[in-house]
Visitor: 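Got a structure for you, questions after.
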2 protein chains.
Amino acid sequence: MSDPGELEPVTRESTAAIIANQLRSAIMYGSLAPGDQLTETGLAAQLGVSRGPLREAMQRLVQEGLLRSETHRGLFVIDLDAADVRDIYHARLAVERSACLLIMQGNRGEALVALTAALDRLVQAAESRDRVAMSDADQAFHQTLVQLSGNTRLQRMAETLLVETRMCLTVMQESYPEPAELVEEHRVLVDAIADGDEQRLLRLIEEHMLSTVDQITDSGPAARAG
Amino acid sequence: MSDPGELEPVTRESTAAIIANQLRSAIMYGSLAPGDQLTETGLAAQLGVSRGPLREAMQRLVQEGLLRSETHRGLFVIDLDAADVRDIYHARLAVERSACLLIMQGNRGEALVALTAALDRLVQAAESRDRVAMSDADQAFHQTLVQLSGNTRLQRMAETLLVETRMCLTVMQESYPEPAELVEEHRVLVDAIADGDEQRLLRLIEEHMLSTVDQITDSGPAARAG
DNA sequence: GGCCCGTCGATTGTCGACAATCTATCGTCC
DNA sequence: GGACGATAGATTGTCGACAATCGACGGGCC
């Protein structure tokens, strides 16, 4: 990608983009919890910027669907019910299934290298038994998967969906899989890619997503989200 | 949905949302062409608002990916190359395929009614041989399809993707199908839903998207986009 | 003639202030 | 006692002005 000493055009992010990333991260890790109001003056002071750029950043998240806007009342972090969780995983399936197809038809070798590395980090996180680290590695794996498709639209969609997935997890930690199970679910995906078995890969990714949906809709723990 | 006389909570859209819709529409119909700069003072005067709300609206479109931001230089409408067109149709396939699955597993009857109506409007547009009307009806059909899935995330994705699709079409009108062909491609989709033939529906939607990709990548007319 | 540098106009980025609206509390009337 | 109406505080929505940066033009130097 970028050799050391190589001269690349400097790409400065706009302030709104930086703030949006911070907010997204805060929502993802739960420091901005579902239902919370984002008071402009408070956040602006906290971030050391004026209300202008902050409002621009918040509009980005509204467009993403992470915030909901009520006129003359304020902006709130969305709260997820069972229907949202189901929608999120169905949408993730759509995106990641498509990414899998593109990977199998594209540079499978490169994908295998990157995903094997991502799997290794997931294994390390599982050994540490740190839930946050596991979640981070889990998310990174899927983000890598979609990145490898080379489709920027799918990547943009996945970014938002993975944040929302993370929001689900903070609410219902009990249903997050055991470390060994988590690693295994991802290992079989990498194996299928290694074997070049497209049918198996698609079946596995569908199971990977839909099993979570079934788990949720059966026990229905997301109702506690509100 | 909303019975007449039914009391619903009033939902006023924020100014940023209204402006964003206007801009999206302008981009869709080509009055803001790919590569064009959106000068803030000019647009603000044209829309009768201050620069503040306008900037908020533009940040929404940046997040959507319809505008690209260059720091201290301005915001520009994205221009699409052949790779973009391919990405857009692959992403649309992911979204609409998923929508098809959800429709088949959900309320197929309601879907059949709505899509038959959408098909009728497409037929009418085809008879008028008005390209813009045909495009409108085409877009409305696919938007309805995704709406019927009931998945708001898929709907949000589809909205942006359909605008981008429209941007492609204004660039390469020659490859837009003939009226009869356009109607037929959509009629077979409705028929498959009517017959409850999921496999056929999925095969048809895949063909519907991928045939366009092949058409583009062969002739490569999108290169003229820049 | 070609290159470099400084200046100018224009546009974006940021900020503080004012107006409009909402929620909550308190007082009043029936 | 309960409901209605007014007031106060806080928050959002909007705007105009100032600072920072960029691209283009023109003058000067080698």
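Proteins come first, then strands; the chains are lettered A, B, ... in the order of their sequence lines, and each starts at number 1. Values in this document were obtained by computation on a predicted structure and should not be read as measured data.
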Visitor: In whole angstrom, give the distance that lies between atom CD of B:E70 and atom C1' of C:dA10.
Guide: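 The distance from CD of B:E70 to C1' of C:dA10 comes to 16 Å, rounded to the nearest Å.
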Visitor: Base, sugar-phosphate or nothing for A:S14? Non-hydrogen atoms, less than 4.0 Å.
Guide: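 The answer is nothing, as A:S14 stays clear of every strand by at least 4.0 Å.
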Visitor: With pairs defined as Watson-Crick or G-U wobble and both distances under 3.5 angstrom, please note down DNA chain D as a dot-bracket string, | for pairing with another strand.
Guide: ||||||||||||||||||||||||||||||
Visitor: Between atom CG in B:L54 and atom P in D:dG13, what is the gap in whole Å?
Guide: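 Going from B:L54 (CG) to D:dG13 (P), I get 16 Å.
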Visitor: In whole Å, I'd like the distance from the CD atom of A:E40 to the P atom of C:dA17.
Guide: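 After rounding, the reported distance stands at 16 Å.
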Visitor: Give the nucleotide from the list C:dC15, C:dG13, D:dC15 with an atom nearest to the side chain of A:S50.
Guide: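 For A:S50, the side-chain atoms sit closest to C:dC15.
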Visitor: Which nucleotide wins on minimum distance to the side chain of B:H72, given the candidates D:dT21, D:dT14, D:dT12?
Guide: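 Nearest to the side-chain atoms of B:H72, counting from C-beta on, is D:dT21.
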Visitor: Provide, to the nearest angstrom, the distance between the CZ atom belonging to B:R55 and the C1' atom belonging to D:dG16.
Guide: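 Atom CZ in B:R55 sits about 14 Å away from atom C1' in D:dG16.
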Visitor: Tell me: CG of B:L75 to P of D:dT21, nearest whole Å?
Guide: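 These atoms are roughly 18 Å apart.
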Visitor: A:H208 vs A:H142 aromatic rings, parallel, tilted or perpendicular, using cut-offs 30° and 60°?
Guide: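 It falls in the parallel class, under 30°.
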Visitor: Tell me whether the side-chain N/O atoms of B:R73 come closer than 4.0 Å to OP1 or OP2 in C:dT11.
Guide: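 Checking B:R73 against C:dT11: no side-chain N or O falls below 4.0 Å of OP1 or OP2.
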Visitor: Less than 4.0 angstrom from a charged side-chain N to a carboxylate O is my criterion; do B:R166 and B:D136 meet it?
Guide: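 Salt bridge: yes.
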Visitor: Check the side chains of B:Y176 and B:D138 for a donor-acceptor pair under 3.5 angstrom, ignoring hydrogens and angles.
Guide: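 Yes, because at least one side-chain N or O of B:D138 sits under 3.5 Å from a partner of the opposite role on B:Y176.
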Visitor: What is the distance, rounded to the nearest whole Å, between atom CE of B:M58 and atom C1' of C:dG13?
Guide: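 Value for this atom pair: 11 Å.
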Visitor: For the CG atom of B:L38 and the CG atom of B:L61, what is their distance to the nearest 0.5 Å?
Guide: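 Result: 8.0 Å between the selected atoms.
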Visitor: Identify, between A:R51 and B:G74, the residue whose nearest nucleotide on DNA chain C lies closer to the 5' end.
Guide: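 The residue mapped nearer the 5' terminus is B:G74.
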Visitor: At less than 4.0 Å, is any side-chain N or O atom of B:Q37 found next to OP1 or OP2 of C:dT11? Yes or no.
Guide: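 No, outside the criterion.
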Visitor: Please give me the minimum heavy-atom distance between B:C168 and B:V85, naming the atom from each residue.
Guide: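 Closest approach of B:C168 to B:V85, heavy atoms only: SG-CG2, 3.9 Å.
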Visitor: Is A:T71 close enough to C:dT21 that one of its side-chain N or O atoms is under 4.0 Å from OP1 or OP2 there?
Guide: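 So the side-chain polar atoms of A:T71 never come under 4.0 Å of the phosphate oxygens OP1 or OP2 of C:dT21.
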Visitor: If you look at every heavy atom in B:P53 and B:T15, which pair is closest and at what distance?
Guide: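 Heavy atoms only, the tightest pair is CB-CG2, 4.4 Å.
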Visitor: Classify the nucleic acid contact of A:T39 as base, sugar-phosphate or nothing, counting any heavy atom under 4.0 Å across all strands shown.
Guide: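 Contact class for A:T39: sugar-phosphate only.
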Visitor: With rounding to the nearest 0.5 angstrom, report the OG to CD distance, B:S69 to A:E13.
Guide: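 CD of A:E13 is found 10.0 Å from OG of B:S69.
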